[in-house]
Amino acid sequence: MRHSNLKKLVMAAMFAALTTVMTMVIQVPSPTQGFLNLGDCSVLLSAWVLGPLYGGAAAGIGSMLADILSSYTNYAPGTLVIKFAMGAAAGFLFHALKGRTPARKLTAQLVSAVVAEAIMVLGYFGYCAVFLSYGLAAAVDIPGNLVQAAFGLITATIVYTVLDHSHALERVSL
């Protein structure tokens, strides 16, 4: 294994662990077993730092582990797929759109985050409606998931901007 691939694998493992912890730190329950948390902040950060494959894997695995450790095991398979898709989309779009200027980076963050969070909202609606057999009653989670999406977008954008301005991201270039 090349050094850069090993470094990406180690960073992905670190982001998976960070995603698990950030998902579990703040859990505000919603009426249908979900919760508001900091996990989407880490999902987006892992995608923006690691790119689509490694960032998506870290997002999916870390989020799934949080579900398992929080006794939301019925959500774990859906979470793995949905959060991987979020990370892959966000990583791909961010790296395709970002430029060197702060305005281009911010635009890339916002576009990639909105697409990723739309995947989350629609993904959980579909998973709950079909696989958990909630049917259209799964729509009750949409407002909470939209709040989760906004929270993730805002916190990830702030954290990434701080890390970028501090040049910390240059030190972990992959």
Side-chain angles (χ1 to χ4, degrees), residues 1 5-95 109 112-113 115-134 138 141-142 144-160 163 168-169 172 174:
M1 183 176 274
N5 286 345
L6 179 61
K7 189 174 179 181
K8 271 191 167 183
L9 185 62
V10 169
M11 291 290 291
M14 189 248 347
F15 269 108
L18 183 66
T19 300
T20 302
V21 171
M22 288 179 73
T23 301
M24 297 176 71
V25 167
I26 295 177
Q27 293 185 352
V28 179
S30 75
T32 58
Q33 300 180 333
F35 49 86
L36 179 67
N37 59 68
L38 291 169
D40 281 3
C41 174
S42 185
V43 165
L44 293 170
L45 287 174
S46 59
W48 295 338
V49 172
L50 299 174
L53 181 61
Y54 286 91
I61 292 168
S63 298
M64 178 191 65
L65 287 173
D67 278 354
I68 292 169
L69 294 171
S70 300
S71 300
Y72 292 99
T73 54
N74 56 332
Y75 282 87
T79 293
L80 174 65
V81 172
I82 293 163
K83 297 296 182 167
F84 176 83
M86 282 180 69
F92 175 78
L93 287 170
F94 178 75
H95 289 280
Q109 287 174 281
S112 65
V115 170
E117 296 297 356
I119 290 169
M120 184 268 293
V121 172
L122 295 172
Y124 278 114
F125 172 74
Y127 182 75
C128 292
V130 175
F131 293 103
L132 298 182
S133 301
Y134 292 172
D141 279 341
I142 291 174
N145 284 336
L146 289 171
V147 172
Q148 173 67 37
F151 189 60
L153 182 152
I154 292 165
T155 55
T157 301
I158 291 168
V159 172
Y160 185 89
L163 291 173
L169 296 174
V172 295
L174 301 170

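All heavy atoms count here, side chains included; hydrogens, waters and symmetry mates do not.
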If we only count heavy atoms from C-beta on, is the Leu132 to Tyr75 side-chain gap below 4.5 Å? yes
Do Gln109 and Trp48 come within less than 4.5 Å of each other through their side chains, counting heavy atoms only? yes
In Å and rounded to the nearest 0.5 Å, what is the [atom1] to [atom2] distance from [X] to [Y]?
X: Thr23; Y: Leu65; atom1: OG1; atom2: CG; answer: 10.0 Å
X: Asp141; Y: Gln148; atom1: CG; atom2: CD; answer: 11.5 Å
X: Phe84; Y: Leu53; atom1: CZ; atom2: CG; answer: 6.0 Å
X: Thr73; Y: Met64; atom1: OG1; atom2: CE; answer: 11.5 Å
X: Asn37; Y: Thr155; atom1: CG; atom2: OG1; answer: 9.5 Å

Would you please name every residue forming a side chain to side chain contact (heavy atoms under 4.5 Å, CB included) with [X], sequence neighbours left out?
X: Leu153; result: Leu110, Ala113, Val114, Thr157
X: Ala118; result: none
X: Val115; result: Ala89, Leu93, Ile119
X: Met22; result: Leu18, Leu38, Cys41, Ser42

Partner set under ring-ring contact (aromatic ring centres under 6.0 Å, His included) for Tyr127, not counting sequence neighbours: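 Phe131.
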How would you list all residue pairs meeting side chain to side chain donor-acceptor pair (under 3.5 Å) that involve residues 116-126, not counting sequence neighbours? Thr79-Tyr124
Work out which heavy atom in [X] is nearest to a heavy atom in [Y]; give both atom names and the distance.
X: Gly87; Y: Val43; result: N-CG1, 4.4 Å
X: Ala90; Y: Ala116; result: CB-CB, 3.9 Å
X: Met24; Y: Ala66; result: CG-CB, 3.9 Å
X: Ala58; Y: Ser46; result: CB-CB, 4.2 Å

Using only atom types and a distance under 3.5 Å, with no angle test, would you say the side chain of Thr20 pairs donor to acceptor with the backbone of Gly62? yes
From CA spacing to verdict: side-chain contact (heavy atoms from CB on, under 4.5 Å), Leu45, Tyr160: CA-CA 7 Å; Leu45 287 174; Tyr160 185 89; 3.7 Å; yes
Residue pairs meeting salt bridge (Lys or Arg N to Asp or Glu O under 4.0 Å), one or both in residues 40-50, sequence neighbours left out, come to Asp40-Lys83
